[in-house]
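In what follows, a single structure is set out as structure tokens and then discussed.
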Amino acid sequence: QRIDHIRNFSIIAHIDHGKSTLADRLIQATGGLTDREMTGNAQVLDNMDIERERGITIKAQTVRLAWKGYELNLMDTPGHVDFAYEVSRSLAACEGALLVVDAAQGVEAQTLANVYQSIEHDHEIVPVINKIDLPAADPEGVRQEIEEIIGLDASEAVLASAKTGIGIEEILQAIVDKIPPPKGDAAAPLKAMLVDSWYDPYLGVVILVRVIDGTLKKGAQVKFMAAGTTHLVDRVGCFRPKIEQLSELGPGEIGFITAQIKEVAETRVGDTITDAKRPAAAALPGFKEVQPVVFCGLFPVDANDFEKLRDSLYKLRLNDASFSFETESSAALGFGFRCGFLGLLHLEIIQERLTREYDLDLITTAPSVVYRMHLTHSKNEDAKTIELHNPADMPDPNRIESIEEPWILATIYTPDEYLGGILKLCQDRRGIQKELTYVGSGSHARALLKYELPLNEVVFDFYDRLKSISKGYASFDYEQIGHREGDLVKMSILVNEEPVDALSMIVHRGTAEARGRGMCERLKELIPRHLFKIPIQAAIGGKVIARETISAMRKDVTAKCYGGDATRKRKLLEKQKKGKARMREYGNVSIPQEAFIAALRMG
Ligand code: GDP
Ligand code: MG
């Protein structure tokens, strides 16, 4: 009876197409927030500053709406591919989705990637064409695009403006009419999916759940099947979006629990929560342990900040169990941490939060993917396979039988005119073209490209290059498709004949020379002249593949530059002295920290 009046749905959209605005509007229309609470430009569902600024949702938030006797659970999903597994669990907790497409922009890469995932989860999809208030809106064209590109019937798509409020009632009605209610057995043993969790300073770890069967009650002793732990449920509730405590969650319902859990790391997205006394026979399908795929070193610019950095990393990890860190020391950069992330955006978010919220000045080494190395046996060890997270730990090349690198399937969606440049970029990055389709015509002509690419070639500056080639118009999305063998080698950078560990990287043999040359040229510009000549080399094993030389400087540069101006001279000397603390010595060569930063920034 009650379950018939539940609808669980998510909103899928390309970034900026109006997902958050629509969510807020639905909350407002159903009385979750007063008009006064709605004003102010802060969106209710996006919590953290960075999310708001970038318009992405990092942690899923879910809201329960009450409308005409129905309980509508709106599941907000993380807005980026790095969090693909979290997205998949959120989608698995719903029976349907609102597909929001901007009436002026039309279908984009993220729309496609998300909608296909939603279809995979057997969702009933309700198309919504948003922003029809815009002068440039072309709802008819977009309706056709949805049908043509995605293959969905869009004849009943709701025309809406989340900004002005047009179409909101129709959307609510479509949710009730088109999205099926959940199914579940109230009499069966408890089975609930752990959809998400986060740390709340007042509540401790909050767990978002979707009950499949049975009832999740306050005071119950529950078992997390994958983690193998038991906990006492001390709160049950939902968000409207304000917290509302309940006594229980029944089958089909989405809500939260707390269970005196101290760390988010104790909870695993996708885990099955069951009754400790009357457990379910089998866990829910689809549980997966997420693993970091991109690694980089994070070093404090000021060595005295090391402890502060460690502390900050611990604090961040309280709320994000998906990134990892361990101490690392580098001759060039001192003490820091090797950190693992779910993807590049994830890396950027953590880096930015450290800088902004924790006020740390950081050096980030070039991101590296996880390589799988098959080693032959050595004197003391058997043949084995290792995972390499740091080029500095590269084993003896003689022992390497083969190396595998992770690949992705990229979906790129671009206005036709930039296609040539993008094809070249993908080609240069060892891409394998899988699909090229044209959609639309005239000024709206676009190409949909699918490329298999080594992740290694994407982590450097692929996204930036794509954006610059397409003047920001191309959109990009990707999924991981596993490891493949590659002709990969470690390239070292030597300054005055000495290898600089922070600059070594693993590259494909075919692109090594170009990469090496680029790095040598950059370093030549970045390292100040010394009293002697400094060779800068890129080498594979013992073989030099690129070389630049910094010529020697004549003595007394201050006298030459500034003639007799004493104050300017003093200032320059002071500046040099200050800079000295940040210099590292390499075979008698002082490399300013800034040179490392700049060299690493450019990959
Ligand atoms: P999200 O990235 O999908 O969550 O998109 P947002 O909800 O953050 O919206 C992106 C931008 O589009 C914001 O500046 C919104 O104010 C604006 N926006 C959202 N919906 C509408 C709409 O219906 N009409 C207009 N004109 N702007 C909208
Ligand atoms: Mg948003």
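Note that the structure is predicted; figures quoted are calculated from it, not measured. One-based numbering, in listed order, for ligands and for the atoms of each. Side chains included, hydrogens not; waters and symmetry mates left out as well; all remaining heavy atoms used.
- Exactly one residue among Leu74, Leu26, Val158 makes a side chain to side chain contact (heavy atoms under 4.5 Å, CB included) with Leu98. That residue is Leu26.
- Residue Ala162 places at least one N or O, backbone or side chain, under 3.5 Å from an N or O of ligand 1.
- Close approach of ligand 1 to Leu134 is summarised as follows: ligand atoms under 4.0 Å from at least one heavy atom of the residue are 26 (N).
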Exercise. Apply side chain to side chain donor-acceptor pair (under 3.5 Å) to the pair Tyr451 and Gln427, showing each step before the final yes or no.
Key: CA-CA 9 Å; Tyr451 258 93; Gln427 225 64 49; 3.1 Å; yes
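- Near Ile15, meaning under 4.0 Å from one of its heavy atoms, ligand 1 places the atoms 2 (O).
- Residues passing the ring-ring contact (aromatic ring centres under 6.0 Å, His included) test with Phe9, sequence neighbours excluded: none.
- Contacts with ligand 1 closer than 4.0 Å are made by side-chain heavy atoms of Asp133 only, the backbone lying farther away.
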Donor-acceptor pairs are to be reported for all side-chain atoms of residues 123-133 against protein atoms at under 3.5 Å, with residues two or more places apart or in another chain.
residue : atom : partner : partner atom : Å
His123  : ND1  : Ser118  : OG           : 2.7
His123  : NE2  : Leu91   : O            : 2.8
His123  : NE2  : Cys94   : O            : 3.1
Asn130  : OD1  : Ala162  : N            : 2.9
Asn130  : ND2  : His17   : O            : 3.0
Lys131  : NZ   : Asp16   : O            : 2.7
Lys131  : NZ   : Asp102  : OD2          : 3.1
Asp133  : OD1  : Ser161  : OG           : 2.9

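- Heavy-atom contacts from other residues, nucleotides or ligands closer than 6.0 Å to CD of Glu156 number 12 or fewer.
- Checking Asp320 against His346 by side-chain atom types alone, a donor-acceptor pair falls below 3.5 Å.
- Residue Ser161 approaches ligand 1 through these ligand atoms, each under 4.0 Å from one of its heavy atoms: 22 (C), 23 (O), 24 (N).
- The nearest non-hydrogen atom to atom 11 (C) of ligand 1, considering only His14, Lys131, Gln105, Lys163, comes from Lys131.
- Residue-ligand proximity, Asn130 to ligand 1, at heavy-atom distances under 4.0 Å covers atoms 20 (N), 21 (C), 23 (O).
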